[in-house]
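The shown structure was predicted, so the numbers you read here are calculated from the model rather than taken from an experiment.
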Amino acid sequence: MKSEDAEHGNAGWINSGHRETVWRMCMLMSLSAFVCAFILFAAVPAYAYGTDLKESTDSHHTIQIYGNANEDDTIDMRDVTYIKLVIFGKKPKTEFCDANYDGRVSMLDVVQTKLIIVGKEGEITFIDSYNKTVTVKKPINRIVVTWRGQLEMLRTLGVGADRIVGVETLIQSSGTGKYGVNYKIFFPEYLDKPTVGTVWHPDVEKILSLNPDCVFLIASPGFRGETAVDDAADALKSAGIPVLRFWCGVYDRDVIREIRMLGYIFNKRERAEEFIQWREEFMNLIRERVEKISEENKPKVYFETGRAYYTGGEYITNIEFCGGKTIFPEVTESTQVDPEAVVERNPDVIIKVAAPYATGPGVTGYDLNADDITKIKEVRDEIMNRPELKNVNAVKNGRVYVISSYIVGYGPASGGRAFLHKVYMAKWLHPDLFEDLDPKAIHQEYLTRFQGLDIDLDEKGVFVYPEPS
């Protein structure tokens, strides 16, 4: 730390003439900042004003954008007021007060926050889902997407295909190859886009050749202990390319916070809020009704992933959310379990994922005719006919269900539709309680309203068996 003498010595060059000049310059800068703030104030729409200075305690939905000074779920005039109170010493400084990310809080942050509110900022700084601080310049016109869930979320927001310059290879797959995934009917407008590898192995050289304004990578270091995604991120950042790392649908994780942040980044806030309100109508319905279910009325559930007797992962959270009890609460990662343990724990319901890598292609998906249920029925029959399970309640009572990996939260066929998994599961676990819930209609509205797809689920697509009554 500098001594007081050193501080005085460094300032000794400022004689009285210099002091007057510096004073005038400071006054001019301050006046300019206040004038800019005043002009912007007049341009701020009415919805940007809050009725109070709210300080949110819900960190799960806090949008981590610099300018969100009071750390709630939106950037509005309350944040402008908060920054001013910080400047005047009336409120504690928060990380996101530094709206222009220059390391200090000043009236320039007030100006930047108002620019964000009206969607006129030249750049925006935020913390992504991989806990990395990112600054992107606007407008963003050349986007590379390495994970289809991210592409799906951008489409939900209304980010046009003309702004996407590179996509994940599987987006153009047609049911052949290693994963057996067919996405051509789901992503038709991206079939002519250059491909840049897979989500777990992005092709950095190909990405750089596309001269992107930003690149989306998944918020994970790599696949099962690998670091290929981290390595790609480091290479792209070294080349000066902003890297945005978001989940965008994996296990339905942080969807509200992420789509709200992307709404700010891509100037699609109204569309983001429209989707959030629509989605939360169903999620809140499930939450509110499940809260009233007693423990004894929650069925025991065995959830089996693609291969026989594998369970675990964040699917367990979905079981609890939908009013069930997993029979393997101790399993937190994908694990092979002993068939005898399943028998001993005697589940009331069994839910099986039909994944192309395990069942082969052509079992479920958007490319099938809606009445083509032969193969998905065979998946269910295989479980119903396992000799060791014949006395398990789920088998005896016919409560064995199959769900497509196209609408769960993980795997080669998954995308941004994991919320549909919850809707179907709630209906299967508590058919009477959710008699008014129509998963197929919700799925259809999502495709039509938010994905802009001309897919009629009465004619195309197989996703669950049996359909909930």
| Using 4.0 Å as the upper bound for N to carboxylate O, is an ion pair formed by K440 and E445? | no
| request: Could you tell me whether the side chain of D73 reaches within less than 4.5 Å of the side chain of T62, counting heavy atoms only? | output: no
| field | Check: Y251 ring centroid to W247 ring centroid under 6.0 Å | value | no
| Candidates N318, L429, T326, T311 - the one meeting side-chain contact (heavy atoms from CB on, under 4.5 Å) with V301 | L429
| Can any side-chain N or O of S106 pair as donor or acceptor with the backbone N or O of L108 at less than 3.5 Å? | yes
| message | Please determine whether a side-chain nitrogen of the Lys or Arg among R289 and D436 lies less than 4.0 Å from a carboxylate oxygen of the Asp or Glu. | response | yes
| Short side-chain to backbone donor-acceptor contact, D254 and R257, under 3.5 Å | no
| message | Test side chain to side chain contact (heavy atoms under 4.5 Å, CB included) on L151 and Y190; report intermediate values, then the result. | response | CA-CA 10 Å; L151 187 60; Y190 306 107; 3.5 Å; yes
| request: Using the side chain to side chain donor-acceptor pair (under 3.5 Å) rule, pick out the option among N131, D230, D128 that qualifies with R245. | output: D230
| field | Stepwise salt bridge (charged side-chain N to carboxylate O under 4.0 Å, His left out) check, D234 with K237 | value | CA-CA 5 Å; D234 292 341; K237 290 174 185 176; 5.1 Å; no
| query | Would you say the side-chain atoms of E288 pair up with the backbone N or O of L285, donor to acceptor, closer than 3.5 Å? | reply | no
| message | Any non-hydrogen side-chain atom of Y130 less than 4.5 Å from a side-chain atom of P221? | response | yes
| Between I63 and F126, is any pair of side-chain heavy atoms under 4.5 Å apart? | no
| field | Short side-chain donor-acceptor distance under 3.5 Å, Y183 and D367 | value | no
| Does a donor on one side chain and an acceptor on the other come within less than 3.5 Å for Y401 and E467? | no
| query | Under 4.5 Å between any side-chain heavy atoms of I351 and M425, yes or no? | reply | yes
| message | Quick check on side-chain contact (heavy atoms from CB on, under 4.5 Å): which of L447, L453, N182 does Y366 satisfy it with? | response | L447
| field | Closest non-hydrogen atom pair, C248 against L262 | value | SG-CD1, 4.1 Å
| Will you find, in the side chains of Y302 and E304, an N or O donor that is under 3.5 Å from an N or O acceptor? | yes
| query | Would F419 and W278 count as a close aromatic pair, with their ring centres under 6.0 Å? | reply | yes
| Side chains of E205 and S209: do they bring a donor and an acceptor to under 3.5 Å? | no
| request: Please determine, by modelled atom types, if Y101 and Q112 share a side-chain donor-acceptor pair under 3.5 angstrom. | output: no
| query | side chain to side chain contact (heavy atoms under 4.5 Å, CB included) between V134 and V243: does it pass, once the steps are laid out? | reply | CA-CA 7 Å; V134 184; V243 176; over 6 Å; no
| message | More than 12 heavy atoms of other residues, nucleotides or ligands under 6.0 Å from CD of E226: yes or no? | response | yes
| Under 3.5 Å, is there a donor-acceptor pair linking the side chains of N267 and K138? | yes
| task | Check for a donor-acceptor pair, side chain of T305 on one end and backbone N or O of Y310 on the other, with a separation under 3.5 Å. | result | yes
| Distance-minimising heavy-atom pair for M283 and V423 | CE-CG2, 3.8 Å
| field | side chain to side chain contact (heavy atoms under 4.5 Å, CB included) assessment of E295 paired with K325 | value | CA-CA 9 Å; E295 284 300 310; K325 295 182 291 188; 3.6 Å; yes
| Backbone of E333 reached by a side-chain donor or acceptor of T335 within 3.5 Å | yes
| Between N68 (side chain) and I75 (backbone), is there a donor-acceptor pair under 3.5 Å? | no
| said: Check this for me: does any side-chain nitrogen of one of D252 and R279 sit under 4.0 Å from a carboxylate oxygen of the other? | reply: yes
| Short N-O contact, R155 and E152, less than 4.0 angstrom | no
| query | For T198 and E168, does a side-chain donor sit closer than 3.5 Å to a side-chain acceptor? | reply | no
| message | Whether the side chain of T146 engages the backbone of F216 through a donor-acceptor N/O pair (distance < 3.5 Å, no angle test) should be reported. | response | yes
| task | Answer yes or no: are there more than 12 heavy-atom neighbours, outside E330 itself, under 6.0 Å from its atom CD? | result | yes
| Are E280 and R287 close enough, and set up right, to give a salt bridge (charged side-chain N to carboxylate O under 4.0 Å, His left out), and what steps lead you there? | CA-CA 10 Å; E280 285 301 278; R287 289 187 191 97; 3.2 Å; yes
| field | Main-chain N/O of A69 paired with T94 side-chain donor or acceptor, under 3.5 Å | value | yes
| request: State whether the side chain of N100 and the backbone N or O of D109 hold a donor-acceptor pair below 3.5 Å, judged by distance alone. | output: no
| said: Tell me whether E435 is salt-bridged to K427, with the criterion being a basic N under 4.0 Å from an acidic carboxylate O. | reply: no
| Around atom CG of D454, are there more than 12 heavy atoms of other residues, nucleotides or ligands at under 6.0 Å? | no
| request: Return yes if a side-chain donor-acceptor contact under 3.5 Å exists between T156 and Q451, otherwise no. | output: yes
| For the rings on H421 and F303, is their centre-to-centre separation under 6.0 Å? | yes
| Geometric cation-pi criterion R417 and F186, 6.0 Å radius, 45° cone | yes
| message | Working note: F96 + I65, criterion side chain to side chain contact (heavy atoms under 4.5 Å, CB included); need CA distance, chi angles, decisive distance, verdict. | response | CA-CA 7 Å; F96 299 113; I65 296 175; 5.9 Å; no
| message | Is it true that R260 and T74 share a donor-acceptor pair across their side chains at a distance under 3.5 Å? | response | no
| task | Check each of I207, I143, L236 against P212 using the side-chain contact (heavy atoms from CB on, under 4.5 Å) test, and report the only one that passes. | result | I207
| query | Has the side chain of E123 got a donor or acceptor atom that lies under 3.5 Å from a matching backbone atom of V136? | reply | no
| request: Give me the ring orientation class for F275 and F450: parallel if the planes are under 30° apart, tilted from 30 to 60°, perpendicular past 60°. | output: perpendicular
| request: Check whether any side-chain heavy atom of P431 lies under 4.5 Å from a side-chain heavy atom of P468, and answer yes or no. | output: no
| message | Between V144 and I241, is there a side-chain heavy-atom distance shorter than 4.5 Å? | response | no
